[in-house]
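So you know, we letter chains A, B, ... as the sequences are listed, proteins then strands, and number each from 1.
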Amino acid sequence: MLKTDASPGKGGRFILAAVCLAGLAAILITFPGPLGASEPTTPAETAGEVPAAGAAGPTHSGPGTLYQVPPPPLSDYFPCSQCHADMEVNRTRRVLTEEHEDIVLHHDEENRWCLDCHDAGNRDMLRMASGALVDFTESYRLCGQCHGPKYRDWKAGVHGKRTGHWRGDKQYLLCVHCHDPHAPRFKPLKPLPPPVRPENLR
Amino acid sequence: MKEMTPSARRSISRRGFLRTAALASGGLALASCDKNSREAFLQRHFRDMTPEELAGVLARLEKEQSARFGKAVHVTAEPPMEDVLFGYGLDLSRCIGCRRCVYACVEENNCSRDPQLQLIRVLEMPKEEGINIQQANAYYDPEEVPREDSFYMPVACQQCRNPQCTTVCPVGATWHEKDGIVVVDYNWCIGCRCCMAACPYGARHFNWAEPTVSPTEYNPETHFLGNRVRPVGVVEKCTFCVKRVRNGRYPACVEICPVGARKFGNLLDPQSEIRYVLENKRVLVFKEELNTQPKFYYFYGT
Amino acid sequence: MNFLRFIAGSVQCVIRGGKAYYAWIGLLLALILVGAFGVVNQFSSGLIATNMRDQVSWAFYIGNFTFLVGVAAAAVLLVIPAYVYNWKPIKEITIFGELLAISAIVMCLGFVICDIGRPDRFWHLVPLLGHLNLPGSLLGWDVVVLNFYLLLNLFIVTYLLYCAYTNREHKGSFVNPLIILSIPAAIGIHTVTAFVYNGLAARPFWNSAILAPKFIASALCSGPAILLILLQILRRTTRLEIKDEAIWKIAELMAYAMAFNLFLFGAEVFKEFYSDTHHLVHARYMFFGLEGHRAIVPFTWISVIFSLTALVIFLVPATRKNWVTLNIGCVLIYIGVYIEKGLALVIPGMTPDTLGEIYEYFPSTTELQVAVGIFSLGFLVFTLMLKVAVPITLGEFRLPPKTG
């Protein structure tokens with residue numbers, strides 16, 4: 001992803017923020033998770049469009065990455081440091097009102113908030129409980145801290161959507177390709193039509 | 001030479017005429033059939049065919065179906081892979097009854113759209129009753145699934161190790177392949193539906209009329225024992241997407257499931273997902289008391 | 001040469017008759033034509049012309065087939081007294097039982113051909129030519145034993161009639177063992193047909209050991225009913241002498257078969273209702289209906305009431321020997337068992353289906369047309385064979401003596 005060298009001026013910052021928000025909104029609507037628009041997308045419908053590991057687009061296999069995954073969503077929005085590098089860090093637990101107010105946390109929000117997972121010092125990384133930083137391409141390690149059994153199942157290929165080859169290259173997806181990390185519980189879907197009843201088969 | 005009454009003579013010549021006419025019309029019927037119909041009529045059982053015969057049959061089918069659907073259709077007959085026994089896992093704690101598997105299967109397997117034929121049936125059952133098929137409803141159509149008080153159980157061919165369907169077939173048109181898939185030779189099946197009576201899972205379906213699939217929807221990559229378009233009057237069933245799995249891919253239903261409720265793999269490979277499921281999850285088998293020994297395992301992933 | 005004469009002469013017998021005969025044949029041909037329309041419709045559009053669907057994949061045709069196998073097996077009720085006990089009054093009329101068996105098997109074959117999805121692939125069933133899945137497939141065994149029974153009876157009947165035609169004593173040592181063989185063959189065809197059903201673990205309503213004995217009992221009590229009526233017709237319309245005792249003895253044997261049949265039926269009902277498992281749902285559907293689906297219920301109760309009434313009529317000697325009540329009893333038991341074995345066996349076995357769904361089946365117009373056609377074909381075959389057999393038995397149709 002492009003990292004700009006020039007720091008934008010005040011107006012430019014505002015425009016950039018607006019563009020980022022618009023981009024975020026657009027991404028959330030088409031997110032591979034049943035959110036947003038009237039006809040919610042299913043993880044299937046979008047995850048199928050997610051490029052396979054190693055396919056078009058740079059991958060984010062950082063050092064120590066075990067699982068080749070397609071680029072995490074929000075990649076176009078990335079890097080977050082574009083805004084946050086110059087911002088003051090406010091560690092007070094609060095509901096955000098100026099930016100990111102469209103992200104409503106439904107994920108153990110009684111006990112946690114943004115900066116428990118997003119590193120306060122470096123917004124381009126995620127933060128484990130130990131303080132260790134982890135790349136967005138390895139966000140499963142963060143999720144796995146609490147969701148141990150799911151993590152183990154995911155590593156074995158037993159949790160989550162399965163595409164690719166049963167013998168050979170498994171295609172792993174990040175947790176966040178299906179679960180919105182801020183509100184992970186799947187929304188209900190509209191079922192496809194029931195079968196035709198036998199008395200109506202002609 | 002004994003005397004014959006005139007009427008007896010007439011009746012003999014009448015009989016002779018009738019017999020000749022019958023033979024002639026039978027012969028004419030057979031001769032007037034075009035070569036393809038004659039070959040199709042005389043086609044032997046899949047397992048009895050020599051490789052040359054089979055190649056000829058596949059070529060004929062490809063030609064017919066390419067013409068019928070206006071695109072290049074491939075009909076192959078990949079044999080089972082060595083040291084492979086397919087197993088399937090279905091996570092009852094995840095399935096939300098969205099039926100995307102049903103329609104993905106119909107598309108992949110070229111099932112008839114009209115009259116509708118679906119190889120997977122999703123049953124909605126009340127949670128408090130557990131698996132009680134008398135309470136099952138396959139026709140649920142709420143605005144959203146899953147419904148609060150229900151759980152969902154998709155049922156298709158369980159690819160039993162000890163199936164009755166293969167035993168009862170009077171012509172041996174259905175059998176258990178080495179990689180565990182129970183297949184049907186659609187050109188050998190006589191449509192007696194004994195296998196349908198024998199299947200405890202309602203997994204077998206009959207082509208009551210000529211199946212219709214539109215050319216645009218037709219999936220051209222087909223297998224002789226799997227998803228090639230079926231003729232009228234024969235039985236069909238889930239074949240674990242034999243064309244896909246014998247080329248290393250997952251069945252269509254596994255790939256489409258949006259909640260990852262479906263697992264598939266080689267039971268003989270200790271590293272496979274399905275073995276992991278069997279070893280680590282609470283697994284159950286549908287209608288276990290019938291000793292069909294399915295290779296389709298329902299489990300609870302959470 | 002003589003055999004050709006025999007054929008020629010038989011054709012003569014068949015095409016000559018009185019007004020009533022022609023009217024009867026005409027009616028049968030008309031009904032066969034109705035059946036032909038149904039068959040053509042079915043062949044062109046597929047079995048979707050029936051009301052069978054995946055949920056109820058065997059129905060009217062197979063039900064009729066099952067009932068008619070029973071009728072074919074019922075010839076044994078004549079063969080046993082005649083040939084095992086050498087009871088003369090029945091020995092003279094055994095041949096009519098065998099002719100009935102032949103016609104019934106012809107009808108069975110007709111129903112099977114019309115029921116399978118690909119009758120053009122019938123040759124797949126022929127051993128060596130096709131692939132008959134023995135020993136596993138009971139339906140495969142059914143093909144073998146039914147054809148064996150048909151050929152056996154055809155041979156016996158042709159041999160006996162031809163011997164009589166040529167004024168020869170038939171060789172008892174040759175034909176009697178064959179006739180005795182037809183007894184286990186008859187039991188065999190119906191047991192195998194029962195096994196087709198009761199071997200299926202997937203259908204708990206059928207998966208009961210009692211099915212085979214029940215089939216035999218219901219066959220023995222219903223098949224001869226047609227014969228009893230027919231024998232009375234033959235007595236009136238031809239010079240055949242059929243003793244009252246013969247008819248009454250058959251009726252008596254039928255009464256015992258009926259009693260046994262009802263006992264087995266009661267045993268089944270007890271087991272279903274007392275054990276009260278999920279499998280009861282099929283019997284409940286049959287007797288009381290399920291979730292508002294009640295189409296079959298009146299038929300079930302008619303069958304029960306008719307069978308019980310017929311049992312009483314046949315058991316009590318007074319009503320058994322009274323021609324009016326006897327004939328009423330014959331009609332009642334025929335209908336009773338037809339429903340019990342045709343409809344009330346196949347449909348409840350498949351309703352609800354294996355996944356708990358209730359599809360309420362009743363035959364479509366096409367199915368009724370085809371069934372009427374096949375029954376008429378069977379009656380036609382029976383009539384034509386009688387038209388030859390009766391004159392031979394009476395000595396009217398014989399090889400003309402040598403002249404010159």
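Under the 4.5 Å side-chain criterion, counting only non-hydrogen atoms from C-beta, A/R162 is not in contact with B/E255. In this structure the side chain of B/I96 never reaches within 4.5 angstrom of the side chain of A/F186, judged on heavy atoms.
Proximity to chain A (any heavy atom under 4.5 Å) is restricted, for B/Y103, to the side chain, taken from C-beta onward. With a 4.5 angstrom heavy-atom cutoff, B/R94 touches chain A only via side-chain atoms. For a residue to count as touching a neighbouring chain, one of its non-hydrogen atoms must lie under 4.5 Å from one of that chain's; by this rule B/P142 touches chain A with backbone and side chain alike.
Taking each heavy atom of B/N247 and A/H165 in turn, the nearest pair found is O-CD2, 4.1 Å. For B/K281 against A/V158, the heavy-atom pair with the smallest separation is CE-CG1, 4.4 Å. Nearest heavy-atom pair across B/R99 and A/P191 is NH1-CB, 4.3 Å.
Few gaps surround CZ on B/R113; more than 12 heavy atoms of other groups in view lie less than 6.0 Å from it. Counting non-hydrogen atoms of neighbouring residues, nucleotides and ligands closer than 6.0 angstrom, the CD atom of B/E143 reaches no more than 12 such neighbours.
Contact count versus chain A (heavy atoms, under 4.5 Å) is highest, among B/S272, B/P251, B/G248, for B/G248. Chain A forms more heavy-atom pairs under 4.5 Å with one residue of B/N266, B/V245, B/V102 than with any other, namely B/V245. Your options are B/E144, B/R147, B/R262, and the one with the most heavy-atom pairs under 4.5 Å with chain A is B/E144. Of all the listed residues (B/N280, B/V145, B/D114), the one sharing the greatest number of non-hydrogen pairs under 4.5 Å with chain A is B/V145.
Heavy-atom proximity under 4.5 angstrom to chain A picks out B/P115, B/Q116, B/Q118, B/R121 from residues 115-125 of chain B. Residue-level contacts of residues 143-152 of chain A with chain B, in order of numbering, are A/K150, A/R152; threshold 4.5 Å between heavy atoms.
Taken to the nearest 0.5 Å, the CZ atom of B/R244 stands 14.0 Å off from the CH2 atom of A/W166. Atom NE2 of A/H159 sits about 13.0 Å away from atom CD of B/E273, to the nearest 0.5 Å.
Residues satisfying the side-chain hydrogen bond (donor to acceptor under 3.5 Å, both in side chains) criterion with A/H107, sequence neighbours excluded, are absent altogether.
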Inset, instruction - Test B/V84 against A/R167 for side chain to side chain contact (heavy atoms under 4.5 Å, CB included), laying out the working first. - result: CA-CA 10 Å; B/V84 168; A/R167 142 188 291 208; 3.4 Å; yes
Sequence neighbours left out, cut at 3.5 Å: what donor-acceptor pairs do the side chains of residues 193-202 of chain A make with other protein atoms?
| unit_1 | atom_1 | unit_2 | atom_2 | d |
| --- | --- | --- | --- | --- |
| A/R202 | NH2 | A/E199 | O | 3.4 |

